[in-house]
Amino acid sequence: MSDYIFIFFAGFAITTGISYLWLGLVERNYKSTLFFGLFAIAAGVYFILKSTEISGKLTLLIAVCMFVLFPWYFSYEAKYRNKPLLWGITFLGLCYYITTFFGIQFGWFRLQYVFSYTAYILTITCCYLALKNMLKTTRKIVYPLVFVTIYYTLFVTEEILYNYFGNALPWREVLSFTYLDLFPVFIIGTQLVILVSHDLEKTKLEKSIQFYKNNLNCILDQTNTIVASIDLNGNILYANTFFKSSFLTEDLIKTTNFKKLISRDTSDAFEAQVFNENNITGNIISKCTQQHKEVSIAWSFVKVKASHTSKAHSYIYLFGQDITSLVETEENLRIANKDLEILKNKLQEENIQLKNESTFLNDSNQLIGESPNFNYVMNRIEDVAPLDVPVLLEGETGVGKELFANEIHKKSKRSDKPFIKINCSAIPKELIESELFGYEKGAFTGADKLKRGMFELADTGTLFLDEFGELPLALQPKLLRVLQEGEIQRLGAEKIIKIDTRIIAATNLNLATLVEKGQFRSDLYYRINVFPVTIPPLRNRKADIPLLIDAFINLFNRKYTRQVKQISQTLMDDLTNHSWPGNIRQLKNIIERAIITSDGSKLKLAEALPKHKDHVANQSSNENATLDTLADCERKHIIHVLEHCNWQISGKNGAAQILNLPASTLRSKMKKLEIMKQS
């Protein structure tokens with residue numbers, strides 16, 4: 001009968017062992033499952049050997065393997081991995097088998113007892129330590145493991161007593177086979193109890209999870225938030241009612257992949273953000289196809305792991321809000337702000353231009369004159385106005401350089417474009433660069449918005465730089481870049497801006513002298529001095545003074561409601577022969593004060609004309625001397641340009657090209673002005 005019992009337990013143990021071994025190897029489950037499978041198979045083989053009475057040494061080997069595998073299984077089941085202790089037990093088991101197999105002993109001292117008892121004690125120690133660790137870490141007692149430990153302790157105690165006292169204790173004869181044979185049966189039984197308890201707990205947990213999942217789904221179905229659960233491949237596992245009504249129909253819910261709902265232009269970003277293994281939670285905005293139209297959805301996502309051993313059981317919860325109207329509003333606002341900025345800049349340009357034009361219209365500032373000097377300057381302006389070259393206006397303060405600059409602009413191809421003027425001496429040196437080139441928002445403290453500079457405002461038009469000689473040396477290289485390359489850079493910006501602005505510069509200083517003193521850059525001087533025009537002072541335009549006086553009288557009569565119509569010949573002669581160091585501006589101020597103080601129809605000066613040291617010397621000058629002086633200025637300039645070009649007249653970089661004159665015209669002027677190359 002005992003042989004049949006052995007065969008029964010052998011089949012039961014081997015079948016159980018193979019099942020657990022399969023879970024340990026193929027399913028890659030816990031290592032405790034693997035060790036238990038090996039232990040059960042070894043127990044089954046042991047029972048077979050016991051029933052067939054095959055070599056006792058082979059039976060001994062299987063028994064040793066069975067007892068060595070037991071602490072490995074027990075430790076991993078209790079999650080206590082003290083490998084030095086486990087390997088120590090394994091080594092002692094191997095030593096026990098070798099000494100028993102070869103019968104090694106020293107008289108009455110038998111080594112196999114030392115190895116076996118030491119292995120027994122270490123195994124019991126390992127079991128108690130594993131149970132203690134399990135209770136400490138999980139605060140949970142697995143009662144079958146406790147029973148196994150108690151049983152193994154009793155078994156070891158009985159074995160030691162039996163080896164020393166024989167059959168002194170009666171319980172070994174109660175059963176038909178010994179505790180050694182009952183031990184693996186008990187272990188396999190306890191493992192099955194553990195398995196059944198785990199399955200029951202798992203079933204209970206699954207029911208609980210399903211219960212809460214159903215309640216959660218009911219709650220999610222009542223919200224107006226788009227909610228969906230998808231796997232890592234994008235397949236939809238769950239979608240709430242709001243999601244279905246927004247995107248899907250009932251017959252498509254199980255076959256639709258979520259990725260197909262994301263539009264192409266945002267699919268790559270969605271894929272990289274949501275399906276990235278490193279991102280557990282996050283937020284992203286994507287465009288989705290909703291009932292044949294594109295909408296913007298703000299998604300929040302969280303990844304949930306359903307299994308610690310396989311990514312296939314992980315899934316992603318997505319929570320979305322339709323923000324299409326908000327995105328459209330922001331886009332419309334952005335477009336409106338952009339249009340507003342364009343209109344603001346255009347209004348700024350028109351405002352500046354209107355201010356400039358109003359100065360001329362309100363003050364009736366017109367170019368008035370008929371003297372030879374005036375006509376000579378006007379001829380020069382007629383020559384240069386249609387050409388897109390820089391112009392340098394030179395002359396004393398008050399001669400009307402701004403009026404001549406405006407005349408050049410009105411007769412140029414840019415007459416319908418902005419004419420922007422700036423006085424370089426009226427702006428602090430620290431601010432003139434930002435005024436000319438503009439600045440980006442945040443470029444410096446107080447720069448709370450973008451500002452376009454004068455060069456940008458004058459793009460496609462004309463920029464008049466009054467008091468050009470007052471430009472700081474540090475700023476001059478940037479101005480040279482504008483003249484040469486036609487590009488500027490705002491303060492605090494990295495981007496280069498291309499512009500098409502004509503520059504007219506005016507100065508009452510001698511730039512050539514400043515260059516010699518190192519107070520002005522020579523390269524900028526030569527670049528701006530392509531076509532200089534010298535405005536004669538009022539004392540050299542005596543024939544124009546009566547015309548100017550009549551114009552000013554009419555202007556201030558309208559302004560102050562006066563009826564001044566007469567001026568004595570004596571006063572006219574005095575005004576005509578005055579030196580006028582302040583030029584036209586001074587004459588205008590004198591007439592304005594006279595109109596204010598005159599109470600009749602005859603002009604009377606408010607005060608006598610100021611005397612100047614150069615008055616007598618200026619009175620002795622005449623028109624012919626003035627003409628010679630202007631011609632001499634032109635002669636000096638042509639000689640200067642010819643020397644700069646090594647007396648090359650025509651061709652590329654020749655003097656004719658720099659002066660913007662035909663080569664034949666330049667040769668005629670040289671002949672007229674008696675300009676010849678010195679040998």
Side-chain angles (χ1 to χ4, degrees), residues 384 387-394 401 405 408-409 412 414 417-440 443 451-534 637 640-646 652-655 657-660:
V384 76
L387 306 176
D388 277 339
V389 295
V391 178
L392 178 62
L393 300 177
E394 298 175 305
K401 295 186 287 295
I408 294 173
H409 172 71
S412 71
R414 304 169 182 257
K417 302 298 181 182
F419 176 71
I420 308 299
K421 60 182 181 179
I422 181 171
N423 191 321
C424 299
S425 65
I427 302 174
K429 294 182 179 180
E430 298 80 9
L431 301 179
I432 189 168
E433 182 176 0
S434 62
E435 286 294 321
L436 288 175
F437 300 104
Y439 52 80
E440 295 285 338
K451 175 180 172 60
R452 301 173 70 198
M454 294 297 182
F455 276 107
E456 284 187 79
L457 296 177
D459 191 22
T460 70
T462 304
L463 178 63
F464 174 56
L465 299 175
D466 199 6
E467 303 296 345
F468 183 71
E470 302 290 341
L471 279 174
L473 271 173
L475 186 60
Q476 292 178 20
K478 291 191 175 183
L479 190 60
L480 181 63
R481 181 182 182 182
V482 178
L483 290 168
Q484 292 179 339
E485 308 295 337
E487 57 186 31
I488 64 169
Q489 188 174 13
R490 297 192 193 113
L491 290 177
E494 297 180 357
K495 185 176 68 174
I496 300 297
I497 301 175
K498 284 286 185 180
I499 60 166
D500 176 24
T501 304
R502 182 181 189 179
I503 295 179
I504 300 177
T507 181
N508 59 355
L509 303 176
N510 191 327
L511 295 185
T513 303
L514 294 179
V515 170
E516 292 177 0
K517 294 180 179 180
Q519 298 175 359
F520 200 88
R521 291 179 63 97
S522 60
D523 48 4
L524 178 59
Y525 170 67
Y526 292 126
R527 191 67 184 81
I528 198 68
N529 197 34
V530 173
F531 197 95
V533 177
T534 302
H637 180 65
H640 173 74
V641 175
L642 286 169
E643 288 177 348
H644 178 71
C645 300
N646 293 323
K652 186 177 181 181
N653 298 324
Q657 183 183 25
I658 295 176
L659 293 170
N660 284 308

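Reckoned from all heavy atoms, side chains included, excluding hydrogens, waters and symmetry mates.
- The minimum heavy-atom distance between Val389 and Arg502, with the atom names listed, is O-NE, 3.0 Å.
- Expressed to the nearest 0.5 Å, how far NZ of Lys429 lies from CG of Leu475 amounts to 11.0 Å.
- When atom types are taken as modelled, the side chain of Gln489 and the backbone of Ala493 share a donor-acceptor pair closer than 3.5 angstrom.
- Scanning both residues, Ser434 and Tyr439, for their nearest heavy atoms gives CB-CD2, 3.7 Å.
- Atom CG of Leu473 is separated from atom CD of Gln519 by 8.0 Å, given to the nearest 0.5 angstrom.
- In terms of heavy-atom proximity, His637 sits nearest to Val530 at NE2-O, 4.1 Å.
- Residue Asp466 is tested with Asn423, Thr507, Ile504 for a side-chain contact (heavy atoms from CB on, under 4.5 Å); the sole match is Asn423.
- With rounding to the nearest 0.5 Å, the separation of CG in Asp388 from CG in Asp500 is 6.5 Å.
- Inter-residue side-chain proximity for Arg452 and Asp459 is flagged as unmet; no heavy-atom pair is nearer than 4.5 Å.
- Of all heavy-atom pairs spanning Pro477 and Ala474, the tightest one is CD-O, 3.5 Å.
- Using modelled atom types, one side-chain atom of Thr501 and one backbone atom of Phe455 make a donor-acceptor pair closer than 3.5 Å.
- Counting non-hydrogen atoms of other residues, nucleotides and ligands closer than 6.0 Å to NZ of Lys498 gives a total above 12.
- One finds the CZ atom of Arg527 at 5.5 Å from the CG atom of Leu483 (value rounded to the nearest 0.5 Å).
- Distance check, rounded to the nearest 0.5 Å: CZ of Phe464 to CD1 of Ile408 gives 9.0 Å.
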* Worked verdict on Val482 versus Phe437 for side chain to side chain contact (heavy atoms under 4.5 Å, CB included) -> CA-CA 10 Å; Val482 178; Phe437 300 104; 3.7 Å; yes

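- Contact annotation: the side chain of His644 approaches that of Ile658 to within less than 4.5 Å [non-hydrogen atoms, C-beta and beyond].
- Rounding to the nearest 0.5 Å places CG of Leu491 at 10.5 Å from CD of Glu435.
- A pairwise comparison of heavy atoms in Ala655 and Cys645 identifies N-SG, 3.8 Å as the closest pair.
- Within the 4.5 Å cutoff, side-chain heavy atoms of Leu509 are placed close to those of Glu470.
- Residues Tyr526 and His640 bring their aromatic ring centres within 6.0 Å.
- Between Glu467 and Asn508 there is a side-chain heavy-atom pair separated by less than 4.5 Å.
- Side chains of Phe468 and Leu479 form a contact here, defined as non-hydrogen atoms less than 4.5 Å apart.
- Side-chain contact check for Leu511 versus Leu392: some heavy-atom pair is nearer than 4.5 Å.
- Side chain of Gln476 to main chain of Leu471: a donor-acceptor pair is present (N/O by atom type, distance under 3.5 Å, no hydrogens or angles).
- By the 4.5 Å heavy-atom criterion applied to side chains, Leu465 and Leu463 are counted as neighbours.
- Nearest heavy-atom pair across Phe520 and Gly469 is CE1-CA, 4.2 Å.
- Taking 4.5 Å as the limit, every side-chain heavy atom of Leu457 sits out of range of all side-chain heavy atoms of Pro418.
- At least one donor-acceptor pair closer than 3.5 Å links the side chain of His409 to the backbone N or O of Lys417.
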